[in-house]
Amino acid sequence: MPADSPVAPEDRTDGELQPQEPESAVETARQQLQRAAGYLDIDPNVVERLKHPTTVQEVTVPIERDDGTVEVFTGYRAQHDSVRGPYKGGLRYQPEVTRDECVGLSMWMTWKCAVMDLPFGGAKGGIAVDPKALSESERERLTRRFAEELRHIIGPTRDIPAPDMGTDPQTMAWLMDAYSMQQGETVPGVVTGKPPVVGGSEGREAAPGRSVAIITREVIDYYARDLAETTVAVQGYGSVGANAARLLDDWGATVVAVSDVNGAIYDPDGLDPRSIPSHDEEPEGVGRQDAPETLTNDELLELDVDVLVPAAIGNVLTEANAPDVAADIIIEGANGPITTAADEIFAERSIPVIPDILANAGGVTVSYFEWLQDINRRAWSLERVNDELETEMLAAWRDVRDAYEARDVTWRDATYIVALARVAEAHDARGLWP
Ligand code: GLU
């Protein structure tokens, strides 16, 4: 899952060489909001309000390690906006998790749910912890304690967590169990991304990668290209990257390079993505596959391909490497893989960038289907999930395409315009209380 850290560009201040901090998610998110607001006739008070989360819960999560010692971690849940429905968004377990990162990511969830026209607002949370450094039972204790600390602010009509980096369906099953035990009844709708046996949805795990593939297919068609003549490089081979690569390969594209944290494999004639284990199937298994060439992650990002899918972590395309990107089109698989400065470079270079809040929104869309199934106590077939996902993705794609064609803007701006207009309209209709 995690890929190489971006190289922090260096900056000269007061005659000294200072390493520049990578741009924080909240800074990027605020700049994107401000830009989109500039295209719309929105009450500036609503925009100001949307720059800030409704609330951020910071909690202490102590656990007993297997050796009997106690270790204390810090967890967060940022709830950005709920004007369109309950807060919704993932929980990540990663050493780099901070309050600000959660706030930025919670803002993206508000737009992601709005662009998909889902009846949800935006939230994000996590714990600053390296989940690989914990045993399974330590992870379980951590999750159960975190659930207890968040119990008063989550719930199926309040805030519904889901998996994100470093968490998985098992994490969601523990969370759902801990919450249900405290409530005295089974509440499957408190989280999504659970295993299907406890109310999870078929197709949920593959959904973000599936939506990346669907949007890639539509973009290729929009630019009057042929998927059968399209080469693709995928950075990150977790559930998003692997599922996107496999579907695009099924639909005729040629996946020439994929990578994990250790580096990339490359075959100009095309790899077989189904034979390459994803991070979940075999962690760090990409480099163990036979391929004519190996590359570094940085080299993969600069390959001359038709489509580049950064699907690992945030801030991998920066002002340092954006001038050297040779792909014709970029589809964001990860959340926030491109810094604001890099985005401007791509706009100047006329490289279309399809943003995360549209491309990987299949995850939260199938989370919505899961929530509906939980409320109705009725499971859908995989076929129904995939059909309805296709319908929702095409509807969102059409809305974004119409906004793109109506104005002289980037794809990111067009996507934000669709999302922000919906959120602002809902704020307008509801007004300020009291
Ligand atoms: N963590 C995922 C995302 O970033 C999914 C969130 C959800 O399903 O609520 O979109």
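Heavy atoms only: backbone and side chains are in, while hydrogens, waters and symmetry mates are out. Whatever order the structure lists ligands and atoms in, that order sets their numbers, starting from 1.
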J.: Suppose I only count heavy atoms of Asp164 and a 4.0 Å limit; which atoms of ligand 1 are within that range?
T.: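 Matching atoms, with element in brackets: 1 (N), 2 (C), 4 (O).
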J.: Record the part of Asn335 in heavy-atom contact with ligand 1 below 4.0 Å; permitted values are side chain, backbone, both and neither.
T.: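 The part of Asn335 near ligand 1 is the side chain, not the backbone.
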J.: Under 4.0 Å from any heavy atom of Lys112, which atoms of ligand 1 are there?
T.: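 Listed by number with element, the hits are 3 (C), 4 (O), 10 (O).
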J.: Please identify which atoms of ligand 1 are closer than 4.0 Å to at least one heavy atom of Lys124.
T.: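 Going through ligand 1 atom by atom, the ones under 4.0 Å from Lys124 are 1 (N), 3 (C), 4 (O).
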J.: Ignoring hydrogens and geometry beyond distance, is a side-chain donor-acceptor pair present between His427 and Asp81 at under 3.5 Å?
T.: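 Asp81 and His427 do have a side-chain donor-acceptor pair below 3.5 Å.
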J.: Taking the non-hydrogen atoms of Gly193, is any one of them nearer than 4.0 angstrom to ligand 1?
T.: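 No.
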J.: What do you reckon, does Ser367 have a nitrogen or oxygen under 3.5 Å from a nitrogen or oxygen of ligand 1?
T.: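 There is such a contact, yes.
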J.: Would Pro163 count as being in polar contact with ligand 1, using the rule that some N or O on each side must be under 3.5 angstrom apart?
T.: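 For ligand 1, there is an N or O atom that lies under 3.5 Å from one belonging to Pro163.
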J.: Please determine, by modelled atom types, if Tyr237 and Glu281 share a side-chain donor-acceptor pair under 3.5 angstrom.
T.: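 Per modelled atom types, Tyr237 and Glu281 side chains form no pair under 3.5 Å.
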J.: Any chance the rings of Tyr368 and Phe120 have centres within less than 6.0 Å?
T.: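 Aromatic pair counts; centres sit under 6.0 Å.
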J.: Is Met109 near ligand 1, meaning one of its heavy atoms is under 4.0 Å from it?
T.: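 The answer is yes: ligand 1 sits under 4.0 Å from a heavy atom of Met109.
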J.: Mind telling me whether Tyr404 and Trp411 have parallel, tilted or perpendicular rings, with 30° and 60° as the class edges?
T.: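 Trp411 vs Tyr404 ring planes: parallel.
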J.: By number and element, which atoms of ligand 1 are closer than 4.0 Å to a non-hydrogen atom of Ala162?
T.: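 It comes down to these atoms of ligand 1: 6 (C), 7 (C), 8 (O), 9 (O).
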J.: Using the side-chain hydrogen bond (donor to acceptor under 3.5 Å, both in side chains) definition, which of the options Thr143, Thr167, Asp130, Thr171 pairs with Tyr93?
T.: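 Result: among Thr143, Thr167, Asp130, Thr171, Thr143 is the only option passing the side-chain hydrogen bond (donor to acceptor under 3.5 Å, both in side chains) with Tyr93.
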